[in-house]
Amino acid sequence: MGPGTYLDFEKPVVELEAKIRDIREFARGESVELSRELHLLERKLERLRQDTFSNLSRWQRVQLARHPMRPCSQDYIDKMTTGFVPLHGDRAYGDDRALIGGPAMLGDRPIMILGQQKGRTTKEKLANNFGMCHPEGYRKAMRLMILASKFGRPVVILIDTPGAFPGIQAEERGQAEAIARNLREMSILPVPIIVSVVGEGASGGALGIGIGDRLLMLENAWYSVISPEGCAAILWPGEAAANAPRAAEALRVTAEDMSEFGLVDRIVPEPLGGAHRDPNTAASLLHATILECLVELSPQPVDDLLARRRDKYRRVGVFAEDETF
Amino acid sequence: MEWFRKAKAGLSGESKRDIPDGLWTKCGGCGEIIYALELERLFWVCPTCDYHFRIRHSDYIRLLLDEGVIEEYDRGLVAQDPLKFRDKKKYPERIADSQKKTGLADAIVCGVGKIGGRGVSFGVMEFAFIGGSMGSVVGEKVARAIERAMTRQIPLVIVSCSGGARMQEGILSLFQMAKTSLLLAELAEAKIPFISVLTNPTTAGVMASYASLGDVIIAEPKAQLGFAGPRVIKDTIHQELPEGFQSSEFFLEHGFLDRIVRRKDLKSTIISLLSFLCGPKAGVVEKSGHTLPNTVLESAETL
């Protein structure tokens, strides 16, 4: 990792790692006996990693989910699948590069895989609008899902978005309608749908491609009705940035929180310190979990699949009865 | 029981309470000072500029349902505090304040009534209750209203007025969008009609779920409609928003609204639409084989 690509709380770990690397280099060149020192430093590093990463606050997880080095949807597609054929366009208005998708093979299974792609380089980020979809992104996703269902292929979805794009053209082209329609159509799409939140899951922008038979969340992903900053801007106007960590706590945005509410089926573990520290392992863990879900879901008759999907969403909510009203 | 009582004639706009004695009211559109009784006669619509004052859920019940009568269901569903959400105020305190202010347990009233003699499953949102926001209770009541329409084979009419999903219930609020949309998929498969009526404002999580999924979508004039809030959009794109952005007129122009309907014409428009959607006379067997009974209240026991 280069300078500037780590978070504040990662800094001690990254610095110690760099120090160990330097000493090892030095020892190699100078034929100096440093193995004892190295051994001590490595033990220290291991402790530091555990201390830093094993009790992350909600806000730290939000930061990890946004880490500049965190794998994007495209990385997962490349590492998990073969024969990916990206398809474009919503057949109505245009092609939204914030949403990528197409057929691929997961092991020996043909699937439709799609997701929001934030982009890695500045150029790609701008072209992809930082993973914030316009309505044509949601409609493109729906088109690909309908294509999958026509040929009986399961759908695998990767969510990673700071939100549906809030802009003039997005409103003109019906952002609300595009999301609403997806919610309705995905709830009755007659093929298995496996949804994974791999990074950020912000509000309706995430949910708009988020209805399925299984909801997986990576360990450090977040999912919320509103971003911590958006929530803080409402509750503490003028000092939103300073209060975003507080909002993340109040909103309870982590995979563990989601699991407590019974909304997440599986939390997919990440390598210690986050997916960016070992993207290959992160991808293989996700790959294994998705495959397990596919094995569970694929043999189910469509009627059973849809009935279970229905029950899963019909149940959501916490309320009580009060006779005095 | 209070909610079976016939409502008094006339509408009472919220803004009336701003004026002592309720005699004169300033128009929120053109600033004209209008005699309150005149406004009431005009359904709280400004005679000069056509500004539609925001009215209460009870006003829409009087305006749209025959005799102003609703047989209310699920009145006692109340919110919990699953997140233990705290900001300046505890969420349960916010709920209690809104309950005191509105007399409602949460931000929607649902039940059955008649429109033009035809039974409907009816829901109307109350903006005065935490901005008409949708948490678990609103989501559940909408879900049950949809199920009621299916069980009784009667059309669904929902008057929306909401700033979106309720922040204080976090992800559970967001998932109410999924729950309500899923049930509307079933309603559509059952070929039961749904008329979505949008009032000022209908935005965000409500606009991006059931409010956008009507077979026919109509809105009052100049309502604020959209997905993202104007402040968020401005902060994101760093430019001024065009005049009339995210209004009913904007929605109509861009093809996301069937009609703009003035308040005084809402009921007659719904009646006309229902005649098409359900057939001209209740109880007539249509081609699809569905029977749409007129006598809603008689079939109440079926639930």
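Protein chains get the first letters and strands the later ones, always in sequence-line order, with residue 1 at the start of each.
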Taking side chain as everything from C-beta outward and backbone as N, CA, C, O, which of these in [X] sits under 4.5 Å from a heavy atom of chain B? Side chain, backbone, both or neither.
X: Leu215(A); value: side chain
X: Met258(A); value: side chain
X: Leu235(A); value: both
X: Glu172(A); value: both
X: Ile168(A); value: both
X: Leu251(A); value: both

Tell me whether [X] at atom [atom1] has more than 12 heavy atoms from other residues, nucleotides or ligands lying less than 6.0 Å away.
X: Arg97(A); atom1: CZ; answer: no
X: Lys90(B); atom1: NZ; answer: no
X: Lys88(B); atom1: NZ; answer: yes

Contact check, side chains of Leu77(B) and Glu321(A), non-hydrogen atoms, under 4.5 Å
yes
Based on non-hydrogen pairs under 4.5 Å, which of Ala170(A), Ala176(A), Ser187(A) is most in contact with chain B?
Ala176(A)
Non-neighbouring partners of Asp258(B) that pass salt bridge (Lys or Arg N to Asp or Glu O under 4.0 Å), sequence neighbours left out:
none
Can you tell which part of [X] gets under 4.5 Å to a heavy atom of chain A, answering side chain, backbone, both or neither?
X: Ile217(B); answer: neither
X: Gln168(B); answer: neither
X: Thr236(B); answer: side chain
X: Leu83(B); answer: both

Highest number of heavy-atom pairs under 4.5 Å with chain A: which of [options]?
options: Leu183(B), Val137(B), Val206(B); answer: Leu183(B)
options: Ile233(B), Asp74(B), Leu104(B); answer: Ile233(B)
options: Asp87(B), Leu213(B), Ile237(B); answer: Leu213(B)
options: Gln176(B), Arg86(B), Gln239(B); answer: Gln176(B)
options: Leu172(B), Thr203(B), Thr180(B), Val232(B); answer: Leu172(B)

Could you list the residues that satisfy side chain to side chain contact (heavy atoms under 4.5 Å, CB included) with Ser248(B), not counting sequence neighbours?
Ala219(B), Ala223(B), Leu225(B), Leu257(B), Ile260(B)
Restricting to side chain to side chain contact (heavy atoms under 4.5 Å, CB included), what partner residues turn up for Pro301(A), sequence neighbours left out?
Asp304(A)
Under 3.5 Å, is there a donor-acceptor pair between the side chain of Glu171(A) and the main chain of Phe251(B)?
no
Given 3.5 Å as the limit, does a donor-acceptor pair link the side chain of Ser136(B) with the main chain of Val318(A), or not?
yes
Taking every heavy atom of Phe256(B) against every heavy atom of Arg173(A), the minimum-distance pair comes out as CZ-O, 3.1 Å
Taking heavy atoms only and a threshold strictly under 4.5 Å, list by residue number the residues of residues 191-204 of chain A that touch chain B; give 'none' if the list is empty.
Ser203(A), Gly204(A)
Verify salt bridge (Lys or Arg N to Asp or Glu O under 4.0 Å) between Arg184(A) and Glu186(B), making sure each step is shown before the conclusion.
CA-CA 9 Å; Arg184(A) 184 179 64 190; Glu186(B) 293 186 352; over 6 Å; no
